[in-house]
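Structure first, then comments.
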Amino acid sequence: MNISYDWYKIFCCVADCGSITLAAEKLYISQPAVSQSIRQLEDAVGCALFHRTPKGVKLTAEGQVLYRNVSAGVSAFSEGERRLLSMLRLDAGEIKIGASDMTLEFCLLPYLEQFHAQHPGIKIAITNHPTPQTLALLKQGKIDFAAVSEPFSRDDFDWTPVREIHDIFICGINAKIPASASIQSLGEQLILLERDTSTRTFLDMEFRKRGFSASPKFELATSPQIVSFAARNMGIGCVVSDFARKALAEGTVREIQVSDPLPPRRIGVVRRAEQSTKAADAFLHLLLHNKIETA
């Protein structure tokens, strides 16, 4: 049978309302249009579906069979339409983001706060892994986009820089370390992030350019840990300056001025070439086209 979905939708509405007039009001269409659709459906199936009564309409036996079997489908279609419209209006949906502690706090967080205030119905899931694992998740389509710091392989990705960051060297205020030095002279006193992170990859590259390979005193999982260790005079920490800002302001650490400072690098957004979700596109538009204070 070549039957229009609209006929089934109108049929179910008339059955639920028990009235062609009430169904027309509910569907925001004319009463003649409802009556015509019911006639077309009855012609298509080859039987009467309603008894006309002075108080409205009632399903025939055949109509009851049809209603029991198509009403769930019509409801499912309607629910699908409702959910899709809700996503398009950004009333619902989900964004899956890959981010490190650094990119989350110093790049994404202010934008996430604003986006959540504007669209509280959208769920946001954030995975926290080193850059190589994050990019692997992006390739597998398990996240919509990632916020990562240089360096990383940009193969198969669209890359948009968001802000510049600077790596600095810090130590405790009572540490017996000169106020200025060359990076190479800091040697085995260094406290660094563990390997397999973009920051550590960057530092190792820069150290090699200066003719040495770092053998750090401590290798830690997070930058806040590096700041804490440095504040306790346990070595010389190398961190992105944002992480040390509070400790520097409070006077628990001091910055070592190096004669050969590290070059700046960038935090940015990487995406797959394929289209992402409506919610992810809306958040990226906020992130990439609006200026929010990130510190």
Side-chain angles (χ1 to χ4, degrees), residues 1-97 108 111-127 140-145 271-272 274-290:
M1 298 180 190
N2 185 18
I3 296 176
S4 167
Y5 162 72
D6 287 338
W7 295 351
Y8 280 136
K9 182 178 179 180
I10 292 170
F11 162 72
C12 289
C13 188
V14 172
D16 291 335
C17 293
S19 165
I20 288 177
T21 301
L22 293 177
E25 292 175 358
K26 186 173 182 179
L27 294 169
Y28 299 101
I29 58 178
S30 69
Q31 185 174 332
V34 173
S35 297
Q36 182 181 6
S37 293
I38 295 300
R39 284 195 301 271
Q40 289 172 317
L41 179 59
E42 289 176 331
D43 289 343
V45 299
C47 66
L49 299 173
F50 291 101
H51 294 299
R52 274 65 176 179
T53 72
K55 294 184 178 181
V57 294
K58 289 186 178 180
L59 288 167
T60 63
E62 294 80 7
Q64 290 175 17
V65 171
L66 183 63
Y67 178 80
R68 284 197 298 269
N69 287 275
V70 303
S71 59
V74 169
S75 295
F77 272 111
S78 296
E79 178 63 12
E81 291 173 347
R82 185 194 67 79
R83 292 191 179 188
L84 176 59
L85 183 59
S86 183
M87 292 178 67
L88 295 178
R89 290 175 174 171
L90 300 179
D91 294 328
E94 183 176 11
I95 305 174
K96 297 177 181 178
I97 304 171
L108 297 181
Y111 296 92
L112 288 169
E113 180 182 12
Q114 179 172 319
F115 188 82
H116 176 68
Q118 295 172 347
H119 309 289
I122 293 178
K123 178 182 176 182
I124 298 175
I126 299 175
T127 61
Q140 296 163 15
K142 294 183 178 179
I143 54 178
D144 295 305
F145 66 89
R271 294 168 282 180
R272 301 187 313 275
E274 304 94 285
Q275 184 178 7
S276 57
T277 66
K278 182 78 172 181
D281 286 343
F283 177 76
L284 285 172
H285 186 272
L286 173 67
L287 173 64
L288 300 177
H289 299 283
N290 294 273

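- Once rounded to the nearest 0.5 Å, the distance linking OG of Ser37 with CG of Leu27 reads 9.0 Å.
- Between the CZ atom in Phe115 and the CG atom in Asn290 there is a gap of 12.0 Å [rounded to 0.5 Å].
- The backbone N or O of Ile97 sits nowhere less than 3.5 Å from a side-chain atom of Asp144 that would complete a donor-acceptor pair.
- With respect to the salt-bridge test (charged N to carboxylate O, under 4.0 angstrom), the residues Arg82 and Glu79 qualify.
- In terms of heavy atoms, Lys26 sits closest to Cys17 at CD-SG, 4.1 Å.
- Closest of all the heavy-atom pairs between Thr60 and Ala48 is OG1-O, 2.9 Å.
- Taking every heavy atom of both residues into account, Tyr5 and Ser78 meet most closely at OH-OG, 3.8 Å.
- Interatomic distance, CD of Gln40 versus CD1 of Ile3, reported as 11.0 Å (0.5 Å rounding).
- Closest of all the heavy-atom pairs between Ser35 and Ile20 is OG-CG2, 3.6 Å.
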Intermediate values then yes/no, side-chain contact (heavy atoms from CB on, under 4.5 Å), Arg83 and Met87
CA-CA 6 Å; Arg83 292 191 179 188; Met87 292 178 67; 5.6 Å; no
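- Paired with Phe283 under the rule side-chain contact (heavy atoms from CB on, under 4.5 Å), one option of Leu108, Leu288, Leu90, Ile124 passes, and it is Leu108.
- Ring geometry for Tyr67 against Phe11 counts as perpendicular: the plane angle is over 60°, on a 0 to 90° scale with 30° as the lower cut.
- Remark: Arg89 CZ to His119 NE2 distance equals 13.5 Å, nearest 0.5 Å.
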Given the rule in the side-chain contact (heavy atoms from CB on, under 4.5 Å) test, do Ile38 and Val57 qualify, once you have shown the distances and angles that lead to the verdict?
CA-CA 12 Å; Ile38 295 300; Val57 294; over 6 Å; no
Pair Ile10, Cys12 - check side-chain contact (heavy atoms from CB on, under 4.5 Å), show working.
CA-CA 5 Å; Ile10 292 170; Cys12 289; over 6 Å; no
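- The minimum heavy-atom distance linking Glu94 with Ala279 is given by the pair O-CB, 4.3 Å.
- Listed here is the closest heavy atom pair of Leu88 and Lys278: O-CE, 3.8 Å.
- Judged by distance alone, with hydrogens and angles left aside, the side-chain atoms of Glu42 form a donor-acceptor pair with the main-chain N or O of Leu49 at under 3.5 Å.
- The CZ atom of Arg39 sits 12.0 Å away from atom CH2 of Trp7, with the distance rounded to the nearest 0.5 Å.
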Could you go through Leu22 and Glu25, starting from their C-alpha distance and side-chain angles, then the distance that decides it, and tell me whether this counts as side-chain contact (heavy atoms from CB on, under 4.5 Å)?
CA-CA 5 Å; Leu22 293 177; Glu25 292 175 358; 3.8 Å; yes
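- For the atom pair CD1 (Ile122) and CG (Asp91), the distance works out to 8.0 Å, reported to the nearest 0.5 Å.
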